[in-house]
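Following: one structure in structure tokens, then a few remarks.
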Amino acid sequence: MISPIPIAKPLINQEETKAVNKAIKSGWITMGKKVKEFERKICTLTKSKYSVAVNNGTSALDAILKALSIGPGDEVIVPSLTYISTSNVVLYNGAKLVLCDNDPDTFNVTVKNIEKKITKKTKAFITVDLKGTPVDYAKFKKLGRKYKIYFISDSAESFGAKYKKKIVGTQADIHSFSFFANKNITTGEGGAVTTNNKKIYEKLKVIRNQGQDKRYNHIVLGNNYRMTDICASIGITQLKKINKIIKQKNELAKTYTKELKKNKNITPPFIPHYSTQPSWYMYSIKVKKKVRGKLIKFLSKHKIDTRLSFPPVHIQPYYVKKFKFKRNQFLNAINSYDSFIDIPIWYGMKKKNSKLHYKKNKRIF
Ligand SMILES: *Cc1c(COP(=O)(O)O)cnc(C)c1O
């Protein structure tokens, strides 16, 4: 009997249980000292000046748009190949969503594709570090400066990754992160924003807390995006483990790539030179059409979990209905979605598993 191999598995044990217990016993379970401590530790890790912890990654993105006063009349450019939050937050704020295509190798959005869509109304663009591979931040930063628009990075999948040997979190004007259960570290549900901009930081804190600057005094339209001290105490413990999680994921990825390279039906993930340490949120392979279905079935028969990842935004039913997008409007997004599958990668997965399963897969080709 082979035991099932899930697509992702958080590294959670007694340490987190103890921390939660302590938080509950302290008598303070909502946002308090633990959230502050978690934020300080995120700053230490990412080397960012400021950090604001929130209740999930979607709230982090929404709070960012609110802090930048993005609303009706503004345009925001977003890649179609992303998780739904990245584009939903543009609609929440009444701004105009402008979608664009991605690069077929990295799956990430390109400077060229964003630049083509910039108009006088463009207020910001959001890049997404898909699968844990950062975009080429320096180039996007330049683009933002050239047009005097904000560069927001949805780094939900790249917490702990390194760009040109520096940890992700300060390269864009603002970064958002998610600590959902399948992300590199988790607080169950949770998220955070990092920035070096004090003004934006001050606004984010107010927005997170119902738009109030002091008790019952609401100066802007905020929301309840607060993280609890219970979640933060899990996060503080998880932060101690981030380095070893990323290190082991990189070892697993190396083994996968070495073995899978030998198979002509599979293209392992492309790692650009600036991505000096991917966080490997997912290990995503491109598989030739003729064997893709067969491979998924085979892996499922052997209890190895796979994911087809999320379909691009422009083919999501709500968006098709609202904006009348055509399927082939963003061809690279469609082709990426049609070819890649995510295979398991998580701390604790034995190195030998990645070799073993590869050998079994070989039989079907
Ligand atoms: C996970 C994720 C989010 C949303 O985070 P939640 O914590 O689930 O709200 C946003 N963008 C991307 C790219 C993600 O992978």
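Both ligands and their constituent atoms are indexed starting at 1 by order of listing. Computed from a prediction, not measured in an experiment: that's the story for all the values here.
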For this session: Indicate whether any N or O donor in one side chain lies under 3.5 Å from an N or O acceptor in the other, for Thr86 and Asp154.
Result: yes
Exercise. Between the side chains of Arg226 and Asn55, is a donor N or O closer than 3.5 angstrom to an acceptor N or O?
Worked result: no
For this session: Answer yes or no: does an N/O atom from Ser178 fall short of 3.5 Å to an N/O atom of ligand 1?
Result: yes
Problem set entry | Lys241 bridged to Glu16 by N-O distance under 4.0 Å | yes
Among all protein non-hydrogen atoms, which one is nearest to [atom], and what is the separation to 0.1 Å?
atom                    : answer
atom 2 (C) of ligand 1  : Lys183 NZ, 3.0 Å
atom 4 (C) of ligand 1  : Ser85 OG, 3.5 Å
atom 15 (O) of ligand 1 : Glu157 OE2, 2.6 Å
atom 11 (N) of ligand 1 : Asp154 OD2, 2.7 Å
atom 3 (C) of ligand 1  : Tyr83 CD2, 3.6 Å

As an exercise, identify every atom of ligand 1 less than 4.0 angstrom from a heavy atom of [X].
X      : result
Gly57  : 5 (O), 6 (P), 7 (O), 9 (O)
Thr58  : 4 (C), 5 (O), 6 (P), 9 (O)
Val128 : 13 (C)
Asn56  : 7 (O), 9 (O)

Problem set entry | Residues which pass side chain to side chain contact (heavy atoms under 4.5 Å, CB included) with Ile296, listed by chain and number, not counting sequence neighbours | Arg292, Thr306, Leu308, Ile341
For this session: Kindly confirm or rule out a cation-pi arrangement of Lys131 over Phe340, judged by NZ or CZ under 6.0 Å from the six-membered ring centre and within 45° of its axis?
Result: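 Yes; both conditions hold, so Lys131 lies above the ring face of Phe340.
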Problem set entry | Close aromatic pair by centroid cut-off 6.0 Å: Tyr137 and Tyr274 | no
For this session: Would you check if the side chain of Glu39 reaches a backbone N or O of Ala53 as a donor-acceptor pair within less than 3.5 Å?
Result: yes
